[in-house]
Colleague: 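Okay, here's the structure, questions in a sec.
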There are 2 protein chains.
Amino acid sequence: MSETPYTPVERQRRMLEYINQNRSVHLQELALFFHISEATARRDLDELSRQGAIIRTHGGAMRAEKSTAYETLYQERMNQQQPEKERIAIRAAQMVKNGDTVFIDAGTTAFAIAKAISHLERLTIITNDLFTASQLQLKPTCTLMVTGGMRRGASQELVGAAAEEFVGAVHADIAFIGVDGVDWMGNVCIANFDEMGIKRAMLHSATQKVIVADHGKIGHAALVRICYLKDADCLITDDGISTDSLRKLKKVGNDIILA
Amino acid sequence: MSETPYTPVERQRRMLEYINQNRSVHLQELALFFHISEATARRDLDELSRQGAIIRTHGGAMRAEKSTAYETLYQERMNQQQPEKERIAIRAAQMVKNGDTVFIDAGTTAFAIAKAISHLERLTIITNDLFTASQLQLKPTCTLMVTGGMRRGASQELVGAAAEEFVGAVHADIAFIGVDGVDWMGNVCIANFDEMGIKRAMLHSATQKVIVADHGKIGHAALVRICYLKDADCLITDDGISTDSLRKLKKVGNDIILA
DNA sequence: CATGAAAATGTAATTATTTGCAAGTTTGGA
DNA sequence: TCCAAACTTGCAAATAATTACATTTTCATG
């Protein structure tokens, strides 16, 4: 065949479109369509399923079920405004496996991550975000815990001593912390003093510490430093960042991941 | 046949659509339509029936009546019994004054009370209800605290040791506790075991203990007793209750208020 | 430009699931 | 009450998934 072979990721992307257009697919149908072996088709479907993009069935796969109307609205709005957040979330979700305990902090990026891991089994998700706490749909084998604390103004996040104490009393495999700025000195900053304690507490009580920030946040300091970039295991941002910026970040941080 | 056979899951989905379009189906009809044996058709119907999507009959299946099957949404439930709940809430709100600390437990009645006191100043409201926590609008001088804890299934309420510990660590001037039943022996009951701890903790940590229940709940016991009516300072119900019932309640309780 | 490590792919053996068939049993209407 | 149709159960064949492993491709680096 003289057809241009796709890269695995590109092929999976097209596969997802194919599945979303039709309602479901057969494994053989995919193998034939993309000129790959059934083994590879299975691996692709498994990967898409792991990302929660489709639902794997015996003999093929089906389109993923749509979320509730409210959630879809929220998510569409988020996608329109910040498509890179979605990419960051999908990349972040790949770091979580079945059975993990996960800290999800407050904010839209954090909710996107929570959505992206919601297809996993036996998760324990701990959040201080009331929107995530009330809207997230999880598998029956999962547990969702809320930190408690004081609602900050009219926002949807919980802060204060009670929240910090809760987080200090538990331990998570991984923490995802959204921030407002990461400067070239490696200062990881947020714009609000109230949130400092809870974010620090989550970082402290997690084995793996992950900072998430879209490229617009890179290179700017903000009001409060919650940690140094070296203190976190990795930073996930999007590929809107320049090569130069990336080089500078690598000097002050550990693993820098572009989604 | 050159037709591509469906995957089992996809076939079941189409089968469900087929059954929903027609009112009912015969087994042979399905076997013929989907080119499968009657044994497989039976297995598919059994699976759909197990999911509650259809109702199995001798020789086939029929559409499921999904009126009661689906869980009613929070907002929809909010509208049920609205007038009574509204009156109870307004009466309950009269017991709260500026600067009070108030326990609001989970449920629609409790949310109605929260709304009814939201015009007051310098309140501290403590709730284990995620809907109240995220939706309630308060004056800037007020504080809203969330207990934290585990989200019970897909409900909007927090339960468990963490929630109870939080409540045990603070003290409120008044607690409003919604219940599922108050019988003639003075047993104040709820229908769910999980909520027992948090409701008891709120009662324990409050100076004034108020039980709220619309007249439909009066005279019935439920699964768990959280306290005796004598333990509470007052019970607020609506005037749908009979004179006889009121007399019986007064024997086993303290102040009985009709809203 | 060579080269070695990591990733991707295909193949084959093994295991698990699905399917159809046929035995005996139950059901529901005449 | 009787009997044909529908159901249940056990089982073997067909189909798909999983696992292990060999081969190829990709890509950063000396």
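Chain identifiers are assigned alphabetically (A, B, ...) following the order of the sequence lines, protein sequences preceding nucleic acid strands; residue numbering begins at 1 within each chain.
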Colleague: Any salt bridge between Asp214(B) and Lys217(B), counting N to O under 4.0 Å?
Modeller: yes

Colleague: Counting only heavy atoms not in Gln12(A), do more than 12 sit closer than 6.0 Å to its CD atom?
Modeller: yes

Colleague: Grab the CZ-P distance between Arg11(A) and dA8(C) for me, whole Å please.
Modeller: 9 Å

Colleague: Quick check for you: among dT8(D), dA16(D), dT11(C), whose closest atom lies nearest to any side-chain atom of His58(A)?
Modeller: dA16(D)

Colleague: Please give, in whole Å, the distance from dT9(D) C1' to Glu38(B) CD?
Modeller: 16 Å

Colleague: In terms of side-chain heavy atoms of Thr40(B), which of dC7(D), dA17(D), dT19(C) is nearest?
Modeller: dT19(C)

Colleague: Quick one: label Thr57(A) by what it contacts on the DNA or RNA (base, sugar-phosphate, nothing), any heavy atom closer than 4.0 Å.
Modeller: sugar-phosphate

Colleague: Between Ile36(B) (CD1) and dT18(C) (P), how many Å, whole number?
Modeller: 14 Å

Colleague: What integer distance in Å separates Leu45(B):CG from dT18(C):C1'?
Modeller: 16 Å

Colleague: Do the charged groups of Asp239(A) and Arg87(A) touch, with an N to O distance under 4.0 Å?
Modeller: yes

Colleague: Please report the distance, rounded to the nearest Å, between CG in Leu27(A) and P in dA16(D).
Modeller: 8 Å

Colleague: Whole-Å distance between dG28(C) P and Arg56(B) CZ?
Modeller: 12 Å

Colleague: The side chain of Ala39(A) is closest to which nucleotide in this list: dT11(C), dA16(D), dC7(D)?
Modeller: dT11(C)

Colleague: Base, sugar-phosphate, or nothing: which does Glu47(B) touch, judged by heavy atoms less than 4.0 Å apart?
Modeller: nothing

Colleague: Check whether any side-chain nitrogen or oxygen of Gln28(A) sits under 4.0 Å from OP1 or OP2 of dT15(D), and answer yes or no.
Modeller: no

Colleague: Between the side chains of Glu17(B) and Arg23(A), is the shortest nitrogen-to-carboxylate-oxygen separation below 4.0 Å, so that they form an ion pair?
Modeller: yes

Colleague: Which of the following nucleotides, dT9(C), dG20(C), dT18(D), is nearest to the side chain of Arg43(B)?
Modeller: dG20(C)

Colleague: Would you mind reading off the distance between His35(A) atom NE2 and dT9(C) atom C1', rounded to a whole angstrom?
Modeller: 16 Å

Colleague: Round to the nearest Å and state the distance from Arg50(A) atom CZ to dT18(D) atom P.
Modeller: 15 Å

Colleague: State plainly whether the residues Glu38(A) and Arg42(A) are in salt-bridge range, i.e. N to O under 4.0 Å.
Modeller: yes

